[in-house]
Amino acid sequence: MEPHESTCRICGGRVREFFDFGRQPLSDFFPSPDQVDEEFFFRLAVGMCDACTMVQLLEEVPRDRMFRHDYPYHSSGSQRMREHFADTARSLLAGELSGEDPFCVEIGSNDGVMLDVVRQAGVRHLGVEPSGGVAELSRAKGIQVRTAFFEEATAREIADEHGPADVIYAANTICHIPYLDSVFRGVDALLAKNGVFVFEDPYLGDIVARNTFDQIYDEHFYLFTARSVQTAARRFGFELVDVERLPVHGGEVRYTIARSGARRPTARVGELLAEEALGGLGDRGTLEKFGIRIRRVCDDLIARLRELHDRGFYVVGYGATAKSATVINYARIGPELMPFVHDTTPAKVGCLLPGSHIPIRSADELGPPYPDYAVLFAWNHFEEIRVREKEFTDRGGRWILYVPEFRVV
Ligand code: SAH
Ligand code: TYD
Ligand code: ZN
C-alpha cells in the first residue's frame with residue numbers, strides 16, 4: 001500500500017488521504033502535571049474511500065485508550081445540549097416509543113442526559129456505555145446501563161436478556177466506532193422487525209461549508225454524509241429512511257435506518273443526496289480544497305496570535321474541548337502564546353491540554369482582571385458562553401473565533 005493510503009473499514013476499498021495533521025495526542029486525555037509521560041500520540045490523517053466515499057481516519061487509536069474509566073466528557077455540561085437531548089427523548093417517546101411496552105437502547109449514553117427522560121416516562125431502556133465513570137453517574141440517577149462497548153456480541157447478549165429494541169439511538173458515538181460492520185450486525189441482532197436505528201453525528205457537509213476542521217480528531221473516526229451512510233447501511237441489509245439536519249455542534253445530521261424494505265424513505269433523503277451531489281461532497285477535489293483552507297486558517301491563527309503577543313496583549317483560550325487538540329497542536333500554539341485555557345469542567349481544571357501542555361484553569365478564574373482576548377475553542381457553545389461570560393466583554397474583552405476563519409467579535 002502507498003504511504004498515504006489505507007483500506008476502507010466499511011468496504012475494503014482504497015482510502016486516499018486528503019489532509020495530514022501530523023503527530024497528535026489523544027484529544028480527551030488531559031494529563032495532570034505528573035502524567036505528561038503517559039500521553040499517547042498517533043498520526044491524525046483523513047482520507048476518502050474511492051469506492052464508497054466514506055471519509056475516515058487513516059490511523060485508528062485503540063478504543064481502550066480513548067474510552068476509559070476517567071473519560072472526561074460529560075454530555076450534561078451544556079444547557080443547550082441538555083435541552084436538545086430532552087427534546088430528542090420526548091419526540092422518541094411520542095413516536096417510535098409509543099407502542100406497547102417499548103424498549104429503547106442507547107449506544108454511548110454517557111452520563112444519561114437522554115435516557116433520564118426515557119426513564120422518567122417509565123419506558124424500558126438500556127444504555128451501553130464503556131466509560132466507567134460516566135456510566136456510574138447515569139446509574140446513580142436510576143438509569144439502566146451496561147458498562148460495555150456496543151458491538152455484535154454485546155448486542156446479542158442484550159437481545160437474549162431483554163428482547164428486541166424498538167429504537168436503537170446514538171448521538172456523537174457511531175462516528176467514534178471504526179468497527180461499524182460489527183455495530184451493524186449487532187443492530188441486526190437486536191432491532192425489532194420494524195424498529196429504527198437512529199444516530200446523529202457531525203456532518204461532513206457542514207464541516208466543509210463552515211470549515212470546522214477541528215471536528216477531526218482521534219475519536220471522530222468517520223465524517224458521515226447521507227451518501228456514505230446510505231451505502232454502508234445497504235451493505236448490512238438496512239436502508240437510510242430519513243435524515244434531519246441539526247444545528248448542534250456546528251451542524252449534524254440525524255440518520256434514521258430501518259431494515260431493507262420495512263419503511264419507505266422520506267423525500268428528505270433524496271433531497272440531501274441531491275444537495276451533496278451538487279456540492280461535490282463525494283469528490284476528492286472538494287476535500288483537497290478544504291485541506292488548503294485548513295492550512296490557511298491555521299497559519300493565519302498562529303500569525304495573529306504572535307502579533308497580539310508581540311504587541312503586549314494578554315490572550316487566553318476558552319473551552320478545553322477535544323476539538324482544541326487538533327487546532328492547537330497543528331498550529332503549534334504553546335503556553336508562551338497562550339498561558340491558560342479556561343473551562344467549566346471540574347475534572348479538567350488543574351490539568352494540562354494534551355500535547356501543548358497549556359494549563360487549564362477554571363472558567364471562574366477568567367477574571368477580573370480579564371484578559372484582552374480569549375480564543376473560543378468551544379465555538380459550538382458560543383451563544384451559551386457569551387451569556388455566561390458577559391462581564392468579560394462588558395469590560396472590553398474580545399472573543400477570537402477561528403472558524404470559518406479568523407475574526408474578532
Ligand atoms: N451521546 C453523548 C456522548 C457522546 S461522547 C452525547 O452526544 O453527548 C461518545 C460516547 O460514546 C462516550 O461516552 C464513549 O464512552 C462512548 N463510546 C465509545 N465507543 C463506544 C461503543 N463502541 N459503544 C458504546 N459507547 C461507546
Ligand atoms: P464540547 O465542545 O461540547 O465538546 P468536545 O470536547 O467534544 O469538542 O466541549 C465543551 C467544553 O467547553 C467542555 O469542556 C465544557 C466547556 N464549557 C465552558 O467552559 N463554559 C461553558 O459555558 C460551556 C457551555 C462549556
Ligand atoms: Zn469504502
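All of these numbers come straight from a predicted model, not from anything done at the bench. In this chain, numbering begins with 1 at the start of the sequence shown. Start at 1 and go down the list; that is how both ligands and their atoms are numbered.
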For the 3.5 Å polar cut-off, considering only N or O atoms, please tell me whether Ala378 and ligand 2 meet it. no
Is there any N or O on Asn110 that sits under 3.5 Å from an N or O of ligand 1? yes
Looking at Asp242 and Arg254, is any side-chain nitrogen of the basic one under 4.0 Å from a carboxylate oxygen of the acidic one? no
Of all the atoms in ligand 1, which lie at a distance below 4.0 Å from a heavy atom belonging to Phe150? 21 (C), 22 (N), 23 (N), 24 (C)
To 10 degrees, how wide is the angle SG (Cys49) to the Zn ion (ligand 3) to SG (Cys8)? 110°
Between Asp300 and Arg296 (salt bridge meaning N to carboxylate O under 4.0 Å), is one present in this structure? no
Does ligand 2 come near enough to Tyr318 that some N or O of the ligand is less than 3.5 Å from an N or O of the residue? yes
For residues Asp218 and Ser27, is any side-chain donor paired with an opposing acceptor at under 3.5 Å? yes
Show the atoms of ligand 1 that are less than 4.0 angstrom away from any heavy atom in Gly108. 1 (N), 2 (C), 3 (C), 11 (O), 16 (C), 24 (C), 25 (N)
I need the atoms of ligand 1 closer than 4.0 Å to a non-hydrogen atom of Ile107, numbered in the order shown. 23 (N), 24 (C)
Considering only non-hydrogen protein atoms, determine which one is nearest to atom 23 (C) of ligand 2 and report residue, atom name and distance to 0.1 Å. Ile385 CG1, 3.8 Å
Option set Val248, Leu366, Asp28, Asp343, criterion heavy-atom distance to atom 16 (C) of ligand 2, minimum: Asp343
Close-contact set for ligand 1 against Ala171 heavy atoms, below 4.0 Å: 1 (N), 2 (C), 4 (C), 6 (C), 7 (O)
Numbered atoms and elements of ligand 1 in range of Asn172, under 4.0 angstrom, heavy atoms: 4 (C), 5 (S), 6 (C), 7 (O), 9 (C)
Mind checking whether Thr345 has an N or O less than 3.5 Å away from an N or O of ligand 2? yes
When you measure from the centre of the six-membered ring of Tyr370, is the NZ or CZ of Arg395 under 6.0 Å away and within 45° of the axis? no
Using ring centroids (six-membered ring only for Trp), state whether Trp399 and Phe392 fall under 6.0 Å. yes
May I ask you to list the atoms of ligand 1 that are less than 4.0 angstrom from any heavy atom of Val128? 24 (C), 25 (N)
With no hydrogens and no angle check, do the side chains of Ser6 and Arg14 hold a donor and an acceptor under 3.5 Å apart? no
Do Glu161 and Arg146 meet the salt-bridge criterion of a basic N to acidic O distance under 4.0 Å? yes
Can we say Glu383 and Arg386 salt-bridge, meaning some charged N sits less than 4.0 Å from an Asp/Glu carboxylate O? yes
How about Val55 and Phe224: do any of their side-chain heavy atoms sit closer than 4.5 Å? no
Can you list the ligand 1 atoms lying under 4.0 Å from a non-hydrogen atom of Ile177? 21 (C), 22 (N)
Interfacing atoms of ligand 1 (cut-off 4.0 Å, heavy-atom, Tyr73): 8 (O)
Determine whether the aromatic ring centres of residues Tyr71 and Phe67 are separated by less than 6.0 angstrom. yes
Within less than 4.0 angstrom of ligand 2, does Gln79 place any heavy atom? no
Below 3.5 angstrom, do we get any N/O pair linking His381 and ligand 2? yes
Arg227 atom CZ, neighbour heavy-atom count above 12 within 6.0 Å: no
If we count only N and O atoms by modelled type, under 3.5 Å, do the side chains of Tyr169 and Glu200 hold a donor and an acceptor together? yes
Nearest-option assignment for atom 20 (C) of ligand 1, heavy atoms, candidates Gly133, Pro130, Gly112: Pro130
So is Arg63 polar-close to ligand 1, meaning N/O to N/O under 3.5 Å? no
Nearest non-hydrogen protein atom to atom 7 (O) of ligand 2, with distance, is Tyr217 OH, 3.2 Å
Quick check: do Asp111 and Lys141 have side-chain heavy atoms less than 4.5 Å from each other? yes
Where the Zn ion (ligand 3) is the corner point, what angle links SG of Cys52 with SG of Cys11, to 10°? 120°
Option nearest atom 22 (N) of ligand 1 (shortest heavy-atom distance, choices Phe199, Phe67, Tyr179, Phe85): Tyr179
